[in-house]
Amino acid sequence: MAGKKKPRFLLAVETSCDETSAAVLERGRILSNVILSQDEIHSPYGGVVPELASRQHIKSIDYVIGESLTQAGVGLGEIDLYAVTQGPGLIGSLLVGLTFAKGLAFYFKKPLIGVDHLQAHIEAPFLENDRIEFPVLALLVSGGHTSLYFLEKPLDYRLLGKTRDDAAGECLDKVAKFLKLGYPGGPVIERLARGGDSSRFHFSLPRMKTAGYDFSFSGLKTAALKIIRENGLSAEHPALRDFLASFEETVARALLENMHKALEEFRPASLILCGGVARNTRLRTRFSELAEGYRLPSYVPSPRLCTDNAGMVGALAWKKYQASPVTSTDLDLDAYPR
Ligand code: AMP
Ligand code: MG
């Protein structure tokens with residue numbers, strides 16, 4: 001099916017949550033990476049509404065794929081490989097991208113590579129830097145996931161810990177929603193916290209009782225809501241800036257505490273921070289301070305590659321293909337929500 005010609009162009013599709021994205025890569029390098037966000041659609045609800053998300057993917061996917069080909073200057077007939085996010089994510093959203101990509105691959109008789117979208121996030125910094133040394137310790141922080149991975153070598157993912165309840169991004173979004181600050185909460189909190197006193201409010205956090213590397217953010221959310229109520233905080237309150245700065249600082253510290261612990265045990269050669277929340281300046285700063293303390297090189301993707309995007313999905317698919325080429329369209333390829 002794949003023919004004898006070495007593959008050159010790959011088309012990747014990503015629809016795991018609320019971004020419809022398609023990218024064209026040439027030998028693993030991004031030529032185009034089109035991302036259509038659904039923020040405006042979900043904003044009135046203060047969070048992603050799964051049914052609205054999948055319906056919007058159906059409306060957008062044809063345009064997004066067409067635009068990614070136009071921007072790359074590549075015709076659909078020239079695509080040698082297809083890649084798609086299989087999971088985790090919202091099942092209705094995932095199925096839109098998976099079905100579309102499967103249809104294209106089947107029609108053009110090309111291989112289709114399924115990709116785990118959390119692993120793809122870790123691939124993002126490699127698109128901008130080809131000298132990242134292994135072993136790698138990677139912290140992935142997004143709207144739906146908070147996970148710590150150790151990679152002894154490329155494509156060798158060892159999950160050290162993940163959140164037991166809310167993801168860090170979800171915690172930011174929920175607190176912003178409670179304060180009626182807007183959606184998505186992370187960037188709003190970042191903007192409103194600027195210049196605030198991050199030491200003014202103290203959050204008493206329940207300690208995790210296990211020795212592992214799991215995270216928990218529901219306790220922090222509850223502590224934040226308690227402070228908001230006790231101090232009568234609102235969008236207009238003069239102490240809001242200080243509260244948000246303190247909250248943002250606590251989220252950053254809670255995230256990096258686990259990485260710090262794992263660093264001592266696993267002795268990585270490089271550190272990676274990725275996922276939507278990795279756009280946050282305070283978190284990026286604390287992360288590079290941690291790395292500098294250990295004299296380790298640290299990598300954070302540029303903001304556009306932090307968000308869910310098909311470029312990173314294509315990059316991982318390309319690596320997977322190089323490691324073990326698939327030659328057919330697997331029509332049984334299925335989506336998985338978790
Ligand atoms: P993703 O799930 O990877 O698309 O990332 C979306 C999540 O990232 C949402 O929870 C956002 O609130 C969060 N986010 C985006 N930008 C920022 C930022 N500048 N600071 C903190 N969180 C952010
Ligand atoms: Mg998203």
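Because only heavy atoms are used, hydrogens play no part in the values below, and waters and symmetry mates are left out as well, while side chains stay in. When a ligand or atom number is given, it counts from 1 through the structure's own listing order.
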Protein contact to [atom] [nearest heavy atom, distance to 0.1 Å]:
atom	value
atom 20 (N) of ligand 1	N280 ND2, 3.0 Å
atom 13 (C) of ligand 1	V277 CG2, 3.8 Å
atom 12 (O) of ligand 1	D173 OD1, 2.7 Å
atom 4 (O) of ligand 1	D308 OD2, 3.3 Å
atom 5 (O) of ligand 1	G276 CA, 3.2 Å
atom 2 (O) of ligand 1	G143 N, 3.0 Å
atom 22 (N) of ligand 1	G186 CA, 3.3 Å

Practice item. Report yes or no: do F9 and L112 belong to one cluster of Ile/Leu/Val/Met/Phe/Trp/Tyr joined by side chain heavy-atom distances under 4.5 Å? Key: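 Cluster IDs for F9 and L112 match.
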Exercise for review: Could you tell me whether R164 and D214 have a side-chain N and a carboxylate O separated by less than 4.0 Å?
Suggested key: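 D214 and R164: salt-bridged.
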Study note, to complete from the structure: In F266, F126, Y157, F150, the residue satisfying ring pair (Phe, Tyr, Trp, His ring centres under 6.0 Å) with F134 is F126
Review point. Could K261 and Y213 be counted as a cation-pi pair, given that NZ or CZ must be under 6.0 Å from the ring centre and within 45° of the axis?
Key: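 Yes - K261 lies over the ring of Y213, closer than 6.0 Å to its centre and within 45° of its axis.
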Point to revise | K226 to F203 six-membered ring, cation-pi geometry met (6.0 Å, 45°) | key: no
Exercise for review: May I ask you to check whether H260 and Y294 place their ring centers less than 6.0 Å from one another?
Suggested key: yes
**Study point:** side chain to side chain donor-acceptor pair (under 3.5 Å) assessment of E128 paired with S302
**Key:** CA-CA 8 Å; E128 298 173 317; S302 55; 2.5 Å; yes
Review point. With a 4.0 Å cut-off on heavy atoms, does P187 reach ligand 1?
Key: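 P187 counts as a contact of ligand 1 under the 4.0 Å cut-off.
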Contacting atoms of ligand 1, where contact means under 4.0 angstrom from a heavy atom of [X]:
X	answer
E190	18 (C), 19 (N), 20 (N)
G169	10 (O)
E19	4 (O)
L172	21 (C), 22 (N)

Practice item. Return yes when atom CZ of R284 has more than 12 non-hydrogen atoms of other residues, nucleotides or ligands closer than 6.0 Å, and no otherwise. Key: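 For R284, atom CZ is crowded (more than 12 foreign heavy atoms under 6.0 Å).
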Exercise for review: Start with the C-alpha gap between E26 and R29, add the side-chain angles, then the distance that decides, and say whether salt bridge (Lys or Arg N to Asp or Glu O under 4.0 Å) holds.
Suggested key: CA-CA 5 Å; E26 182 177 14; R29 293 272 158 203; over 6 Å; no
Review point. Cut-off 3.5 Å, side chains only: do H57 and T15 have a donor facing an acceptor?
Key: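 Not at all, the side chains of H57 and T15 share no donor-acceptor pair under 3.5 Å.
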**Study point:** E190 and T281: side chain donor to acceptor below 3.5 Å
**Key:** yes
Exercise for review: Output all residues satisfying side chain to side chain donor-acceptor pair (under 3.5 Å) with D18, sequence neighbours left out; order by chain, then residue number.
Suggested key: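 Scan of D18 (side chain to side chain donor-acceptor pair (under 3.5 Å), adjacent residues dropped) gives none.
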Exercise for review: Provide the tally of protein N/O/S atoms nearer than 2.8 Å to the Mg ion (ligand 2).
Suggested key: 2
Point to revise | Nitrogen or oxygen of G275 less than 3.5 angstrom from that of ligand 1 | key: no
